[in-house]
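Shown next, in structure tokens, is the structure this report addresses.
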Amino acid sequence: HRLMGNLYRNPTPTANTWKTLSVSQRLDHFALDPAGVERHFDQRILINTDHWDPKTGCVFFYTGNEGAIELFAQNSGLLFDLAPDFSAAVVFAEHRYYGSSLPFGTVNASFADPAHSRYMTVEQAMADFADNIVWLRSTMLEVSDV
């Protein structure tokens, strides 16, 4: 099998393998609270375009979970191994409220007020990731058919 021969080229990616970006993200995508629509926070994204071809490539987009995004990137070697075969960009987006993607600045501030937890939902996180993909395709990855 063609892919099996190429696996495990880079089983342990390092920080030098990706570029770290900070993307302004809306706190509230659904107007649950008028103040939340206007408020933004910095969401961290890691991107590797070593094998990216905008004409033929795809994007491997890893949606972060409960922790700092570097931990997941460092333990997801398969995505980096497959990227050359698919001319893919590899993207890791940190989940809101985890790692450095804290909507209220710090861990204490983000979790101190129970009202802040209304923005820690699957729906808000999925909207973050959808916005990340649109932004990445139209800017960083220079794909025109967004």
Report the distance from atom [atom1] of [X] to atom [atom2] of [Y], rounding to the nearest 0.5 Å.
X: Gln124; Y: Asp28; atom1: CD; atom2: CG; result: 5.0 Å
X: Leu21; Y: Gln43; atom1: CG; atom2: CD; result: 11.0 Å
X: Lys19; Y: Leu46; atom1: NZ; atom2: CG; result: 12.0 Å

Applied to residues 91-104, the salt bridge (charged side-chain N to carboxylate O under 4.0 Å, His left out) test, sequence neighbours excluded, yields Arg44-Glu94, Arg96-Asp128

Closest heavy-atom pair, Gly64 versus Ile69, reported as atoms and distance to 0.1 Å, is CA-CD1, 3.8 Å

Side-chain contact, heavy-atom cut-off 4.5 Å: Thr121 with Phe30?
no

Check: Ile133 and Val59 side chains under 4.5 Å, non-hydrogen atoms
no

Identify each donor-acceptor pair in which a side-chain atom of residues 102-113 lies under 3.5 Å from a protein atom, sequence neighbours left out, and give them as a table.
{"from": "Thr106", "atom 1": "OG1", "to": "Ala109", "atom 2": "N", "distance (Å)": "3.0"}
{"from": "Ser110", "atom 1": "OG", "to": "Phe104", "atom 2": "N", "distance (Å)": "3.1"}
{"from": "Ser110", "atom 1": "OG", "to": "Thr106", "atom 2": "O", "distance (Å)": "2.9"}
{"from": "Asp113", "atom 1": "OD1", "to": "Ala115", "atom 2": "N", "distance (Å)": "2.9"}

Applying side-chain contact (heavy atoms from CB on, under 4.5 Å), name anything that partners [X], two or more places apart in sequence or on another chain.
X: Asn65; value: Tyr62, Phe72
X: Ser22; value: Asp42
X: Ser24; value: His40
X: Asp131; value: Gln25, Arg26, His29

Kindly assign one of parallel, tilted or perpendicular to the pair Phe60 and Phe86, based on the angle between their ring planes and the thresholds 30° and 60°.
perpendicular

